[in-house]
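In what follows, chains carry the letters A, B, and so on, assigned in the order in which the sequence lines appear, proteins first and then strands, with residues in each chain numbered from 1. Excluded from the calculations below are hydrogen atoms, water molecules and symmetry mates; all remaining heavy atoms, backbone and side chain alike, are included.
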Amino acid sequence: MAKILMKGNEAIGEGAVRAGCRYFFGYPITPQSELPHYLAKRLPEVGGLYLQSESETAAINMVYGAAGAGARVMTSSSGPGISLMQEGISYLAGAELPCVIVNMIRGGPGLGNIAPAQSDYFQATRGGGHGDYRVIVLAPASVQEIIDLMQVAFDLADRYRNPVMVAGDGILGQMMEPVELGEEKEIEIPPRPWAATGRMGGDKKLISSLYIVPEELEQHNLKLAQKYTLIIEQEQRWEEYQLAGAKLVLVAFGTAARICKAVVDRCREEGLAVGLIRPITLWPFPQKAFAPVINEAEGFLVVEMSLGQMVEDVRLTVNGRRPVYFYGRCGGMLPVAADVVREVKKLYGGEGQ
Amino acid sequence: MAKILMKGNEAIGEGAVRAGCRYFFGYPITPQSELPHYLAKRLPEVGGLYLQSESETAAINMVYGAAGAGARVMTSSSGPGISLMQEGISYLAGAELPCVIVNMIRGGPGLGNIAPAQSDYFQATRGGGHGDYRVIVLAPASVQEIIDLMQVAFDLADRYRNPVMVAGDGILGQMMEPVELGEEKEIEIPPRPWAATGRMGGDKKLISSLYIVPEELEQHNLKLAQKYTLIIEQEQRWEEYQLAGAKLVLVAFGTAARICKAVVDRCREEGLAVGLIRPITLWPFPQKAFAPVINEAEGFLVVEMSLGQMVEDVRLTVNGRRPVYFYGRCGGMLPVAADVVREVKKLYGGEGQ
Amino acid sequence: MYQAILIAGFGGQGVLSTGQLLAYAGMLEGKHVSWIPSYGPEMRGGTANCGVTISDYPISSPVVTEPTSLIVMNRPSLEKFEGSVVPGGLILVNSSLIDIKATRKDVRVYYIPANELAEELGSSKVANNVILGALLELTGVVTPDAVEKSLREVLPPHRHDMIPLNRRALEAGAALVHRSAAARAG
Amino acid sequence: MYQAILIAGFGGQGVLSTGQLLAYAGMLEGKHVSWIPSYGPEMRGGTANCGVTISDYPISSPVVTEPTSLIVMNRPSLEKFEGSVVPGGLILVNSSLIDIKATRKDVRVYYIPANELAEELGSSKVANNVILGALLELTGVVTPDAVEKSLREVLPPHRHDMIPLNRRALEAGAALVHRSAAARAG
Amino acid sequence: MQKVFTRPRSLKDIPTHYCPGCTHGIVHRLVAEVIDELDIFDRTIGVAPVGCSVFAYNYFDCDMFQASHGRAPAVATGIKRVLPDRVVFTYQGDGDLAAIGTGEIVHAAARGEKFTVIFINNAIYAMTGGQMAPTTLLGQKTTTTPYGRDKEVNGYPVKIAEMLSVLDGTAYVARVSVHDPASVVKAKKAIKRAFEVQLAGLGFSLVEVLSACPTNWGLPPVEALKWLAENMIPYYPLGEYKKPAEVG
Amino acid sequence: MQKVFTRPRSLKDIPTHYCPGCTHGIVHRLVAEVIDELDIFDRTIGVAPVGCSVFAYNYFDCDMFQASHGRAPAVATGIKRVLPDRVVFTYQGDGDLAAIGTGEIVHAAARGEKFTVIFINNAIYAMTGGQMAPTTLLGQKTTTTPYGRDKEVNGYPVKIAEMLSVLDGTAYVARVSVHDPASVVKAKKAIKRAFEVQLAGLGFSLVEVLSACPTNWGLPPVEALKWLAENMIPYYPLGEYKKPAEVG
Amino acid sequence: MVVARVTFREERCKGCELCVNFCPRGIITMAKHINSMGFHPATIEDQSRCTGCATCARMCPDLVIEVEREVVRVG
Amino acid sequence: MVVARVTFREERCKGCELCVNFCPRGIITMAKHINSMGFHPATIEDQSRCTGCATCARMCPDLVIEVEREVVRVG
Ligand SMILES: Cc1ncc(C[n+]2csc(CCOP(=O)(O)OP(=O)(O)O)c2C)c(N)n1
Ligand SMILES: Cc1ncc(C[n+]2csc(CCOP(=O)(O)OP(=O)(O)O)c2C)c(N)n1
Ligand code: SF4
Ligand code: SF4
Ligand code: SF4
Ligand code: SF4
Ligand code: SF4
Ligand code: SF4
Ligand SMILES: [Mg+2]
Ligand SMILES: [Mg+2]
């Protein structure tokens, strides 16, 4: 099939529709507006529903209702709105409901600005809400990958009965790239025997995260923990770029990773053995990606559009065996390839820090 | 002065009043209810205001208004309510407003239950809201310490113009212990030249976290980062218990730390060289506490009322130099001293894991 | 001296305030004390219990999971907590309300018809104090004087006329176990 | 082939859609392409620019910080972005709207009275295409045919009658730089 | 002999956790009776958020959702939009609906969501220990208005039925009470109408029920009902505030 | 010659970021004129949340707070409770006040908070790109109602002035417009009254201003004002919905 | 004369006395003994005076009361 | 005859034409040239016909217009 040129935000919408999502509840916020605009048009075409909620808090709870009633459902927002969803996300995780939440990260804290950033990494991977829970976090780096990962996102949500977050930034959302959409397939949504859809002659079903007896809540927590362990084992995803023989390994995701690819290219041109690990799942963090390189690599340079958040996961993974350096831009500023190359050269050979 | 018997939740209220706090905005939730009850009575006595807000979201924004207008102000909640405050906390941090936020942590995720837990550690220390920001987090372990730390909390908030969180749990809140309140002092609140109190002939003041130009937001972020670095240097607090010669060092805070003290006592009685580091500041994490013991200690055992959150900070601190073990109870269950002793014995001498 | 006392019963039976009174008395005697409540899943009406620790040394953990003494005011509490008492510990059973016996052999168990004794004194409301008196007598954890003093500080002035009755209840409980101890000895 | 083109001007001057057109054409020619917008602090009315990358190889970074070619439609954009162009690169200045000159000496600079040429063709709306034609002529990044084909796919059918005019605009731009190149050569 | 009064099948036959004399129990029964009478049990889905009725999911025997505090209308919206042929109701307290959940209830009403809200106004946050609710009366003492609710500090009680009636999306809004047998009969009628409005697809329906909380009011149950009649009803007049032409 | 019309001193003398013909500019001026006329500039504190008027803090020359989306009434409550002798106003859009901030505005009103709300109803989320607001009219096309607002999907536009008037805590509620010179004069009068009500300590005051967004309505400014008059006013009748006896 | 029967499911009674208060015949009283939940349960004194009006049942929050009545078939 | 003067602060004008539309005298028009913001600014054609009613200023969202009027002192 022919390629078409598409914005990242629109690709999220189209990817969701093609993954069988028929319900969107959300509240407008920059820089993800093209997504609701797209879905407001597109969902009715496929018999779906775009409903603008009165707030992000309402949106995430509509998602809770729709997911509990058995639908493939999603919402989308950015920083401030995602913060408002934290209680709801914690409930979704607690009640084990599948859904997809998009966060097009912007500059923070507070109102900050609408420029691209990655400073919601902690919130996404550690759980910005209360309690012990985890959300699977996917970080695409191109418009084509958005299309592909939306299917993955809905599938993972269903497989593990867990919220999945797709984390991008304003650049990914507004950038246009060619995409191959492929045939539109009839999606079969896995059966949901647990959904509360009215008894209709069957057993009573309950959607809840309340376990008033501590012994029971502990059991529930341990059950969730088991699930999370399984996800850590099975679902780590990453891309490797020029890792062969790399002495310095860059680690970056999303837009920062694209810039880092350019950095790797330039460095390799200049004969510097630099490679890149691009986490695609931010949680579970792709620790497996590090095992094969840790012996050869002399160090790691984490590049983020933040003051340094993923760098903690890299440090936890490397666990003191190699130095881990950090380079970041923040507040909506992008790392410039030339600056990162300079940083690489400073570190190269281990003269860093 | 004579001691009086006081509940932890009430001590928070009394401690706040004695620290010069005159404004409380909050929404009821178990297990911190005694605090609003106490302040609803107490604040009017000292010319202060207890105002019950329509929601936690409103509460934290009332705090924003009151703090920006120059008041010593606090709010309080637990898990679900704290999650709803995340956007507001991010705004407070972004606008650099001083205030105190109490979280009496309960079992999660979702509605969970009302039993004591520590599973909001990530949320508190990593920022559950969006953007790069930090909140100073204090974790008292006794009613007397609550009284003392409330003063510290308000002072730190003012010194750094930053929100301070006091993190307890249902046990700390509902437990009664004797406290020495001391003389009620006239508190002088530091001047707030930045507060927006009406121009009254002076310069215009603005309370805001909006920096629409990325270059400016980056500068703002870097300024915040500098402040955070200063806090990390200056404000690490912890208690050491029986650390001399400890081969196994327990690390625990709050209620779990009290249980661990009993564990240390029993172990020492049995001749096992076990000690305890009790972080009082959860952020900044007291990394300095580890330097003196890391050579002698053969390992660390982190005990939490969660599935393991602070353990990441211990791992980041120890950075692979010693094994770090974890023991936790969750869902509102408490570690039982005897069980932890058993765990210690398993690990003692390094036969662990 | 280290005593960890667990007091358990129905919500509304006053187990929480009895525990507070005990802790208060310990404080007045210069001991380290802590009091900690625990509620059942029901918001009210269900079971309630509290743990009181009184010690000569700073209290590491206020959580009473292995009590040295247990006071039980209803049957479910006896069934639930009997096993947790340390060997050699003490169980005080309100036999006015509990129709079964404890099964532990390695602890001392006393059956106190607290409600009946209290009603004899003039008010079933002081049943808790009867049983508390027995505890004081058997453990010496605090003195009855300290409890009386605590009452004076805890009760609002208009209810201070209740204090003599409470004192008599303490004494009745003490006398009972004294007698029964004597009986045993005899 | 690797071209990173930055197109900058006021919001409302159509710089974003011109960039999209270029990217589309690149895609139709089987190239790797990306388009990325950037807005000024103002919600609207302020400055706007977009970066288009067209390459024979997969595009690592879509962010155009060091353009090989720069098209500027207003004075602030020239002032802001002139310095970012790679040495040896290209700057196309819409001299109908910009009354200053570029200062760089290590790049090729062309001044194109795009609005005037467009009005000569019949509509000032095709000014962007005039300047785009010049870019195509000077860099060969895509063919005018590909742009025409893109227009056919991008424009709604009822506006396809605009395509010939757009094509003429491309050609006018091309001719101009052709001429000026000839002039230089001459 | 014929049974003239027996428990509705839509309620599970287990004891509730409610306090003696708590009228939550009466309202539960009325809702269940209506579900039985309309024969919709099998396709009914209930939503109970946080409040004393948080365990309602144990009592109503239909499919149930436990929702976060105040958000039941949003959850119900999600359910009903996915399953438009099911019958959906929420059961919310006054802290829940009239405080934290104000945005959700106003907008569900404005959107004309086709579900039914049972709104228990007991002038208190009961579950969390008797704090002031938005509906607490002036002068009423609660754990957070120890000196009585003062309009200068806490403002005025919120009249939900009146406020929501203003919205074009509401089809049926009534305020009832359960403080005596006659009121109970009327309350049931209103609840039935609300469900009928939903079944007819006419829009949003809400029944505000004045309800007693003997425990937190500090009154014996019989006294509590008297207090309700004497204090709440004058401020919260009973009646049907809005009804569609189609309904009686 | 005497100046009969010149800029109020409460507005900073800088250009605004508003689009051509955006009536946010007119309302800014009216508020500033009222502040000048009441001579309260020095003790006035404004609160502007998110929306096209997010930069209002740059224009009003008094002390200002930038508030999170929808929460200006909560922020203003915090300010006014700490500084009861200051004059506090919020300036909020319809997305802000009537959607995400519903809970905050209803409860500030119910509490009778003594500040003034300027509520800009332009039937759209302007700042974020023209999405449907709760106040968007039926049939109106926006970026999220590409087929026109459909009551079956999105329900009915919310009438804020009417709804808040029901609350006992509101002292002054009016709806005005700025679509022609006579309306502008009336709008200013209402804004002045609202501030006077605050100064007199009578309670909560709110002025809903029907305002044009030519950009997102896709109309030239003059057409936009006509559209407002012909479409918005019939659904949102102008007038004083509530006023205290003390005020004219 | 009406033939009616009210039955109290004693173990479910919470002793709230609402039935006592609202029975038009005033024939319900609270028992002396205590049920398994610790409450004095409601009980009917004189079954024969009961009209089967079900007022008690209607006011009982705990579904303790069931009411039966003789149906008089006319014709 | 009224002596009045309207002054347009040209660089602030966004060319919205509201003043043009509402001037009762119809004496405001849009200039051919473009100001620094890129708009055709409003301008007055015949100052002498201006009544100084300030309608234009009242409708201008951008405070472009200032109005002066001769005060006729009576007596
Ligand atoms: C976000 C959040 N905030 C607060 C609470 C605590 N909470 C639980 S129920 C409740 C209010 C209960 O009052 P109401 O809704 O009137 O129900 P009632 O108990 O009176 O029946 C509160 C504040 C919570 N669970 N979640
Ligand atoms: C929590 C949160 N959600 C969403 C946004 C994005 N947002 C900013 S302004 C706005 C709505 C603006 O509409 P309105 O309040 O009507 O003001 P207008 O722009 O129309 O003047 C939205 C949704 C935000 N900043 N914060
Ligand atoms: S506390 Fe009040 S509302 Fe809750 S169950 Fe008891 S009486 Fe009912
Ligand atoms: S988008 Fe609309 S509301 Fe915003 S400035 Fe432009 S015209 Fe005004
Ligand atoms: S049925 Fe009527 S008469 Fe009989 S006991 Fe009940 S209320 Fe009394
Ligand atoms: S109303 Fe029901 S619960 Fe109350 S006393 Fe009568 S039978 Fe018992
Ligand atoms: S002052 Fe009146 S007459 Fe003069 S230009 Fe303005 S609107 Fe026209
Ligand atoms: S109203 Fe103001 S901005 Fe608009 S055209 Fe007239 S002078 Fe210019
Ligand atoms: Mg209530
Ligand atoms: Mg708007």
- Query: So which part of A:Leu39 gets closer than 4.5 Å to some heavy atom of chain F, the side chain, the backbone, both or neither?
  - Reply: neither

- Note on the structure: Here the gap from A:Ile29 atom CD1 to F:Gln131 atom CD, rounded to the nearest 0.5 Å, amounts to 10.5 Å

- Query: Hey, is the main chain of F:Met132 close enough, under 3.5 Å, to the side chain of A:Gln52 for a donor-acceptor pair?
  - Reply: yes

- Query: Rounded to the nearest 0.5 Å, what separation is found between the OG1 atom of F:Thr128 and the NE2 atom of A:His37?
  - Reply: 7.0 Å

- Message: Angle between ring planes, A:Tyr27 versus F:Tyr125, binned at 30° and 60°: parallel, tilted or perpendicular?
- Response: perpendicular

- Are F:Ile100 and A:Thr57 side-chain neighbours, meaning at least one heavy-atom pair lies under 4.5 Å? no

- Query: Could you name the residues of residues 143-164 of chain F that have a heavy atom within less than 4.5 Å of a heavy atom in chain A?
  - Reply: F:Thr143, F:Thr144, F:Pro146, F:Tyr147, F:Val153, F:Asn154

- Task: Would you indicate whether F:Lys12, at its atom NZ, is surrounded by more than 12 heavy atoms from other residues, nucleotides or ligands within a distance under 6.0 Å?
- Result: yes

- Message: So, taking the atom named NE2 in F:His69 and the one named CG in A:Leu111, what distance separates them when rounded to the nearest 0.5 Å?
- Response: 10.0 Å

- Query: Side chain, backbone, both or neither: which part of A:Leu51 has a heavy atom under 4.5 Å from chain F?
  - Reply: side chain

- Which bit of A:Pro31 is near chain F, if near means a heavy-atom gap under 4.5 Å: side chain, backbone, both or neither? neither

